[in-house]
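Heads up: the structure comes next, in structure tokens.
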Amino acid sequence: IPALEAQQADDVLATAWRLVGFVHGIAGAYAQNGPAVAKSMHHARRAGNARIAARAAMALATSALFGPTPVPAAIEQCESILAEGLGNRQVENAIRCTLAQLRAMNGEFDLARSLLREARGALRDLGEGVNAAATGVDWLAIELLAGDLASAEAQVRADHGFLQRSGETFYLSTLSALLARALRELGRDEEALTFTQAAAQVAAQDDVDAQVQWRVAQASILARAGDLAQGEALAREAVQWAQRTEIPILRADAWRELATVLRLAAREGEATTAMNEALVLYAGKGDVVSAARARAWLAAPAFP
């Protein structure tokens, strides 16, 4: 990059900074991801490279979703990006999927679903097979907040099958883990366990999100089946993985899972401490739905 900067090679610099941002994003290092992506966009615009500028805009939206930016500000950022007009329907609809997740965190479920349906339909019309199927992740994330899990399962089964058949694993690992969480909440633990195992099998070792997600999905399944020790071990591993990142929701979900397992083990004091950790993170991000659930959990009596 310094050599390219000396030559003012904006077009190549846009790609270089985009790759730097991508690496930090995979690691969950959003304090470094955001500035790298902003530099990519700067150089792309100077070079007149609309394609890389659009990709950088999508990455900025992703950073707003997963990073520490509070939900209201993240919504404003995504809407501002869309209002500028990117001239790239694929990217614009991917950003709408991101915005839909943020709206769901804010409790605006009808708007979230509407945005997602529109974006999914547009991506399918564009023939974007993998990108359209990847929106199953958005659908599950929304319904894990909104609560219509049966509908979500029905919607994303085809997406899961498509990604499997195509040999795609980056989205498949996360989609499998989230589908496992949905099935678990629907009381179908054995089926859910199968999906967590599949997610673990295809998750890349450097994909922190996927490594946390399958452990979060599996831990309380094992604990409910009586294997409290292994359930706790997995939940603690999820916390350790998530703590390496700057992804508040991922970290909060890991703490919440640990709290659930500890409550199943009748260790209420430790469970309360873990859920309070989750609550601080949810509230800090501005995920009002998850924060309210954490408070309700804390207020509810423990069960054997």
Side-chain angles (χ1 to χ4, degrees), residues 65-66 97 100-101 104-105 109 112-113 116 133-161 163-164 170-203 207-225 227 230-232 234-239 241-242 245 247-264 274-275 278 281-282 287 289-294 296-297:
L65 172 64
F66 291 118
C97 292
Q101 280 202 55
M105 290 180 191
F109 300 139
R113 288 167 175 145
L116 186 60
T135 63
V137 171
D138 302 285
W139 197 286
L140 285 166
I142 287 168
E143 292 304 343
L144 282 165
L145 293 168
D148 190 354
L149 295 175
S151 172
E153 182 206 353
Q155 287 285 337
V156 304
R157 283 284 190 170
D159 298 325
H160 186 274
L163 294 174
Q164 246 183 346
F170 178 68
Y171 294 115
L172 180 66
S173 55
T174 299
L175 184 63
S176 296
L178 292 177
L179 185 53
R181 282 178 60 186
L183 291 167
R184 185 187 71 186
E185 296 305 309
L186 290 167
R188 293 153 60 184
D189 281 11
E190 287 188 18
E191 194 177 358
L193 182 60
T194 300
F195 277 96
T196 66
Q197 293 164 341
Q201 187 174 6
V202 300
D207 188 346
V208 180
D209 178 74
Q211 292 292 341
V212 173
Q213 293 285 8
W214 77 257
R215 287 173 169 86
V216 164
Q218 192 176 112
S220 64
I221 295 173
L222 297 179
R224 289 202 300 216
D227 194 347
Q230 183 60 20
E232 181 182 349
L234 276 177
R236 291 194 181 279
E237 286 176 17
V239 170
W241 274 90
T245 76
I247 309 176
I249 298 301
L250 191 69
R251 294 169 66 186
D253 285 352
W255 280 112
R256 182 177 64 186
E257 186 69 5
L258 178 59
T260 301
V261 171
L262 290 169
R263 178 169 276 187
L264 286 167
M275 189 59 82
L281 289 161
Y282 286 135
D287 181 346
V289 176
S290 296
R293 288 182 181 175
W297 189 98

Determine whether a donor-acceptor pair (N or O, by modelled atom type, separation under 3.5 Å) exists between the side chain of [X] and the backbone of [Y].
X      : Y      : answer
Arg215 : Gln211 : yes
Glu257 : Ser220 : yes
Arg256 : Val216 : no

So, for [X] and [Y], which heavy atoms are closest and what is the spacing to 0.1 Å?
X      : Y      : value
Ala210 : Ala203 : CB-CB, 3.8 Å
Leu234 : Ala219 : CB-CB, 4.1 Å
Val212 : Ala242 : CG2-N, 3.6 Å
Val289 : Phe109 : CG2-CZ, 3.8 Å
Gly136 : Leu175 : C-CD1, 3.5 Å
Cys97  : Leu116 : SG-CD1, 3.6 Å

Check the pair Thr194, Leu183 against side chain to side chain contact (heavy atoms under 4.5 Å, CB included), reporting the backbone distance first and the verdict last. CA-CA 10 Å; Thr194 300; Leu183 291 167; over 6 Å; no
About how many Å separate [atom2] of [Y] and [atom1] of [X], when rounded to the nearest 0.5 Å?
X      : Y      : atom1 : atom2 : result
Leu140 : Gln101 : CG    : CD    : 10.0 Å
Gln201 : Trp214 : CD    : CH2   : 11.5 Å
Phe66  : Leu250 : CZ    : CG    : 8.5 Å
Ile221 : Arg181 : CD1   : CZ    : 11.0 Å
Thr196 : Leu178 : OG1   : CG    : 12.5 Å
Asp209 : Trp241 : CG    : CH2   : 11.5 Å

Within-4.5 Å side-chain heavy-atom neighbours: [X] and [Y]:
X      : Y      : result
Arg184 : Arg224 : yes
Phe195 : His160 : yes
Asp148 : Arg113 : yes
Ile249 : Met105 : yes

Would Leu222 and Leu193 satisfy side chain to side chain contact (heavy atoms under 4.5 Å, CB included), going step by step from the backbone distance to the final call? CA-CA 8 Å; Leu222 297 179; Leu193 182 60; 4.2 Å; yes
Taking only Lys NZ, Arg NE, NH1 and NH2, and the carboxylate oxygens of Asp or Glu, determine whether Glu153 and Arg157 approach each other closer than 4.0 Å. yes
